[in-house]
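Ligands are counted one by one from 1 in listed order, and the atoms in each one are counted from 1 as well.
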Amino acid sequence: MYRKTAHALREGFLKGEYTASQIASYFLQRIQLLDQDLNAFLNIISDRVMQKAEELDIKKGKGEPIGKLAGVPIALKDNIHIRGESTTCASRFLSNYTAPFDATVTKLIEAEDGLILGKTNLDEFAMGSSTEKSAYQVTRNPWNLSCSPGGSSGGSAAAVGGRLCPLALGSDTGGSIRQPASFTGTVGYKPTYGRVSRFGLVAFGSSLDQIGPFANSVEDIAMIMEVIGRPCEYDSTSIDANPENYLDHLSTSLQGKKVGVPWKFLEDFSGPSADHFAKGLQTFKDLGVEIVEVELQKLKYSIPIYYILSTAEASTNLARFDGVRYGKRSEKADSIDAIYDLSRAEGFGDEVKQRILLGTFVLSSGYQDAYYRKAQRVRTLLIREFEQAYKKCDIVALPTTPTPAFEIDSIPDPLQMYLQDLYTICANLAGLPAMSIPVGLDSNKMPHSIQLLGPQLADGRVMHFAYQLEKALALSSFIPPLFDKEVQL
Ligand code: GLN
């Protein structure tokens with residue numbers, strides 16, 4: 001069962017090859033035995049998922065209509081709410097916090113009979129690129145346990161890569177779905193900003209955050225996007241468009257289409273990641289796609305713009321963690337000021353504190369114009385450049401990451417870590433849909449990917465190009481050897 005895609009698992013369930021309860025207990029067992037090596041999960045919600053599976057089996061037995069995700073096990077990043085379960089954001093601050101409501105994505109998944117198995121590890125409050133900044137545990141890469149799975153959604157990526165579940169959700173503010181997808185050889189998708197509701201996702205940078213899926217096939221991405229990509233009245237930035245039938249449009253030919261590459265920006269890009277990027281482009285050429293050059297000169301400012309805007313937004317979003325309303329309150333506090341100071345001092349880790357300081361600085365009077373407003377202006381220029389680029393091509397291709405997965409503890413310098421998102425941040429700044437698709441393994445047996453970015457709202461187009469690429473690459477047995485085995489309690 002672990003080798004099956006979500007699509008195939010659902011088919012097997014519909015045909016009666018196994019029950020939903022059998023699927024749920026199979027994957028719970030797999031997690032229990034294999035997650036000791038990965039540390040992908042923070043919380044496994046066994047009783048709840050077994051109950052949902054039994055309800056689904058009864059429903060099927062009665063011949064009632066069955067949902068689009070029927071019998072598909074799914075994991076959620078631990079910054080997405082499930083009512084009555086903990087949401088820690090991998091922070092000490094929220095170690096005692098229980099979600100009082102369901103996120104919209106949680107509701108939509110369960111309404112379509114998906115089976116939510118548990119919550120996955122992340123960098124604290126989704127700030128990081130390695131999942132090393134979790135207050136609880138370090139997640140490992142299923143292809144090489146001494147390497148990082150990337151971050152911040154490293155738990156979801158490792159869970160899908162290690163075949164502990166066929167689907168998982170992450171959140172992507174600057175690359176946190178696509179970079180870990182690339183490191184773990186999975187498909188990772190950040191939808192158009194506003195496509196998926198952020199209601200019930202703990203906010204980091206609200207103008208950048210987007211929930212999206214990890215899977216082992218593009219088809220599975222399309223399948224879950226049909227379920228979660230819906231308008232939501234509780235998110236004021238939700239796009240008021242009917243969900244599309246992505247699955248119906250995957251198989252048409254790409255003959256005559258154009259992929260744009262900003263070659264000038266990629267001048268210094270070399271090594272095995274560049275070789276795989278080239279392989280992806282060559283595969284498109286073989287499919288009859290023309291590769292054209294596009295100008296995206298503002299891409300070089302992505303990182304500075306992002307670390308001004310995302311920290312500014314984070315500093316205001318995280319102001320709610322004051323020791324009064326949510327999570328931990330310092331036991332040493334003996335005055336109202338001390339509650340704020342000590343709760344925040346004790347509750348947040350260093351990376352989060354650093355970002356709150358930076359964000360508060362760029363928003364402070366006297367500096368707001370020099371940093372925050374200027375960054376907003378450059379963001380607008382970047383959006384316009386993409387609009388121009390899409391007059392010349394259907395899809396823009398970029399690498400997902402500059403390198404394959406790095407060793408755990410090998411990047412102590414935060415600025416060095418920030419460079420991980422060189423190629424991913426632009427999609428968040430411009431609100432574009434973007435997907436990372438595996439292209440192959442290097443001589444160290446580590447995965448490499450290519451990233452495809454579409455114009456705003458062209459989610460279906462990104463999936464179509466990705467599906468055709470995936471099919472043409474035909475990567476056989478793309479499963480980490482350590483996890484390509486049956487296990488039994
Ligand atoms: N790695 C980036 C950061 O540290 C992106 C994080 C994210 O997308 N949540 O902010």
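With hydrogens left out, the protein atom closest to atom 5 (C) of ligand 1 is Tyr306 OH, 3.2 Å, a heavy atom. In this structure, the protein non-hydrogen atom closest to atom 1 (N) of ligand 1 is Asp421 OD2, 2.5 Å.
Here is the list of ligand 1 atoms found below 4.0 Å of a heavy atom in Ala126: 6 (C), 7 (C), 9 (N). Distances below 4.0 Å separate heavy atoms of Ser152 from the following atoms of ligand 1: 9 (N). The distance from ligand 1 to the heavy atoms of Gly175 drops below 4.0 Å at these ligand atoms: 8 (O).
Screening Asp209, Thr104, Thr237 for a side-chain hydrogen bond (donor to acceptor under 3.5 Å, both in side chains) involving Arg198 leaves a single residue, Thr237.
By the 4.0 Å heavy-atom criterion, Tyr418 is excluded from the residues contacting ligand 1. Ligand 1 has no atom lying under 4.0 Å from any heavy atom of Glu351. Remark: distances from the non-hydrogen atoms of Gly128 to ligand 1 include one below 4.0 Å.
Contact annotation for Tyr307 and ligand 1: only side-chain heavy atoms (C-beta onward) come within less than 4.0 Å of the ligand. With a 4.0 Å cut-off on non-hydrogen atoms, Ser176 touches ligand 1 through its backbone as well as its side chain. Counting heavy atoms under 4.0 Å from ligand 1, residue Thr173 touches it through both backbone and side chain. With a 4.0 Å heavy-atom cut-off, ligand 1 is reached by the side chain of Phe204 but not by its N, CA, C or O. Here Arg355 has side-chain heavy atoms under 4.0 Å from ligand 1, and that is the only part of it that gets that close.
Asp123 has no carboxylate O lying under 4.0 Å from a charged side-chain N of Lys133, or vice versa, which leaves the two without a salt bridge. Look at Asp102 and Lys107 and you find no salt bridge, because none of the NZ, NE, NH1 or NH2 atoms lies under 4.0 Å from a carboxylate O. Between Glu110 and Arg83 there is no salt bridge, since no side-chain nitrogen of the basic residue lies less than 4.0 Å from a carboxylate oxygen of the acidic one. Between Lys68 and Glu226 a salt bridge is recorded (basic side-chain N to carboxylate O distance below 4.0 Å). Checked for salt-bridge contact, Glu124 and Arg355 miss the test: no charged N lies under 4.0 Å from a carboxylate O. Using a 4.0 Å cut-off between a side-chain N of Lys or Arg and a carboxylate O of Asp or Glu, Asp172 and Arg178 qualify as a salt bridge.
Atom CG of Asp350 has 12 or fewer heavy atoms from other residues, nucleotides or ligands within 6.0 Å.
Ring to ring, Phe321 and Phe125 are close: their centroids are under 6.0 angstrom apart.
Below 3.5 Å of separation, one finds an N or O of Gly174 facing an N or O of ligand 1.
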